[in-house]
Amino acid sequence: MVEATATEDSLPDPAEDAAAFLTEEGELVEEEVAIVFHSNGAALPAQESGPAAELTEPPVPQASYYYLQYDFSVSPSLIRSTKRTFCTTASESRGREATRELEETNFFKGAKWSPDGTCLLSSSNDDVLRIFEVMVEATDQGCEESPLEPALSVREAEAVYDFCWYPLMSSTDPNTCCFLTSIRDHPVRMWDAYTGQLRCSYPAFDHMDQIWAPNCLSFNLDGSKIYCGFNDLIQIFDASRPGDAPLRRPTTPSRKSRKGQKGLLSTISFNPDHSGLYAAGSFGKNIGLYDERNDELLYLLKVADGGGVTQA
């Protein structure tokens, strides 16, 4: 607990308003008050010194909320860009001989910020995952546009279905710097974001005992489990035990059943409030809400218009 005197620079207007009160005659009186900042960020008026100010019970911590204020009157400006570096064919981007599959134009399929906000992980049509480091200085206003070059590239053998960062990733701890990929006809792979080396893999099998790549994947919030989405099925891996068989959780009792969530799962997203809820969207025009404790379907949202769900 730190005690500080209220000043114009250190306190918002509501704190100054709290120092004003009305006397019995109705006169407005202002006085300087001390503000106590608790470890949880809540600010409370400090007690006066002396025996009368002694607390018989410790103060109850109060929750505090912070709101971001955006200025939409300022037009966005381009800071960094890959320009036309990857505006080639997929074969030229990979630097190998052209084939029928790789003659099509290369383009970015997706990009995701790292949890610590220091870099971007991208996936493109040439089946290459790239990590771009974003310097803090480059986000300062008035900085001229600079090229964005990949710091690391990981080439996959087949088309990339999905990818995601380890949720507790921090650039200051190399052990946490890793990400997952799901590619066609291969196990789920975990890559080292520092060296680009393969750390481990998590194989999933279909009813024919063949490798089955998930259409989508996601870590849970603490990074202990890996959730993979298939057709009418969620498979859950223990992240600390690569190679072990996953836990299978069908989203519907049977293929002919109308109950549960039907369709190929396209996205899995966890509620960031640590409530244990996660959402799974499917191309069957529905979104299922599940409880992580037992992976049971709690609620099914159906999309009346449009196509399937691709992001959640």
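The first residue of the sequence shown is numbered 1, and numbering continues consecutively from there. These values consider heavy atoms only, across backbone and side chains, with no hydrogens, waters or symmetry-generated copies. This one's a predicted model, so the numbers in the text were calculated from it and none came from an experiment.
- Residues N125 and K109 have side chains in contact (heavy-atom distance under 4.5 Å, counting atoms from C-beta outward).
- Between W212 and L233, the closest heavy-atom pair is CZ3-CD2, 3.8 Å.
- Note on F219 and L168: same hydrophobic cluster, where clusters join Ile, Leu, Val, Met, Phe, Trp and Tyr whose side-chain heavy atoms are under 4.5 Å apart, directly or indirectly.
- By the 4.0 Å N-to-carboxylate-O rule, D162 lies close enough to K112 to be salt-bridged with it.
- Rounded to the nearest 0.5 Å, atoms CZ (F107) and OG (S123) are 9.0 Å apart.
- Distance check, rounded to the nearest 0.5 Å: CG of L301 to CD1 of I287 gives 5.5 Å.
- Shown here for E292 and N220, the closest heavy-atom pair between the two residues is OE2-ND2, 3.0 Å.
- Residues D173 and C177 come closest through the heavy atom pair O-SG, 3.5 Å.
- Atom CG of L198 is separated from atom CH2 of W191 by 5.0 Å, given to the nearest 0.5 angstrom.
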Quick one, E158 with H186, criterion side chain to side chain contact (heavy atoms under 4.5 Å, CB included). Give me CA distance, side-chain angles, the key distance, then yes/no. CA-CA 8 Å; E158 297 288 346; H186 285 74; 3.7 Å; yes
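- L120 contributes atom CG, which lies 11.0 Å from atom CD of E133 (distance to the nearest 0.5 angstrom).
- V188 and F230 end up in different hydrophobic clusters when Ile, Leu, Val, Met, Phe, Trp and Tyr side chains are linked at under 4.5 Å.
- In this structure the side chain of K225 never reaches within 4.5 angstrom of the side chain of D238, judged on heavy atoms.
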Give the intermediate values and the outcome of side chain to side chain contact (heavy atoms under 4.5 Å, CB included) for residues F237 and C228. CA-CA 8 Å; F237 290 95; C228 301; 3.8 Å; yes
Would you sort out whether T82 and L148 count as a side chain to side chain contact (heavy atoms under 4.5 Å, CB included), showing the intermediate values? CA-CA 5 Å; T82 59; L148 191 61; 4.1 Å; yes
Can S171 and T118 be said to form a side chain to side chain donor-acceptor pair (under 3.5 Å), step by step? CA-CA 7 Å; S171 297; T118 59; 2.9 Å; yes
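- For the pair I131 and L121, the minimum side-chain heavy-atom distance is below 4.5 Å.
- Two residues are said to be in side-chain contact when any heavy atoms from C-beta on lie closer than 4.5 Å; W113 and V134 meet this criterion.
- Side-chain atoms of T176 come within 3.5 Å of backbone N or O of S170 as a donor-acceptor pair.
- Shown here for P187 and P203, the closest heavy-atom pair between the two residues is CB-CA, 3.6 Å.
- With sequence neighbours excluded, the residues that form a side chain to side chain contact (heavy atoms under 4.5 Å, CB included) with P115 are W165, M169.
- Remark: the Q261 side chain and the T252 side chain contain no N/O donor-acceptor pair separated by less than 3.5 Å.
- Each of R189, M190, Q235 was scored for a side-chain contact (heavy atoms from CB on, under 4.5 Å) with Y202, with one residue passing: M190.
- Side-chain contact, D192 with Q197: no donor N or O sits under 3.5 Å from an acceptor N or O.
- The closest side-chain heavy-atom distance from Y166 to L180 is not below 4.5 Å.
- Judged as a salt bridge (Lys or Arg N to Asp or Glu O under 4.0 Å), not a single pair has a partner in residues 253-264 (not counting sequence neighbours).
- F132 and V154 fall into different hydrophobic clusters, where Ile, Leu, Val, Met, Phe, Trp and Tyr residues are linked whenever their side-chain heavy atoms come under 4.5 Å apart, directly or through other members.
- Side-chain contact between V309 and N286 is absent, with no heavy atoms from C-beta onward closer than 4.5 Å.
- With rounding to the nearest 0.5 Å, the separation of OH in Y227 from OG in S269 is 13.0 Å.
- Side-chain contact check for I268 versus F270: some heavy-atom pair is nearer than 4.5 Å.
- The two atoms that bring N215 and L265 nearest to each other are ND2-O, 3.0 Å, heavy atoms only.
- Residue R199 qualifies as enclosed at atom CZ: its count of foreign heavy atoms under 6.0 Å is above 12.
- Residues P167 and L221 fail the side-chain proximity criterion, which asks for heavy atoms closer than 4.5 Å.
- Listed by chain and number, the residues in a ring pair (Phe, Tyr, Trp, His ring centres under 6.0 Å) with F283 amount to none (sequence neighbours excluded).
- The minimum heavy-atom distance between Y290 and A280, with the atom names listed, is CE1-CB, 3.9 Å.
- With 3.5 Å as the limit, one finds no donor-acceptor pair spanning the side chains of D291 and Y278.
- To the nearest 0.5 Å, the span separating CD1 on I234 from CG on L217 amounts to 12.5 Å.
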L264 vs S282, test: side chain to side chain contact (heavy atoms under 4.5 Å, CB included). Steps then yes/no. CA-CA 5 Å; L264 176 63; S282 81; 5.9 Å; no
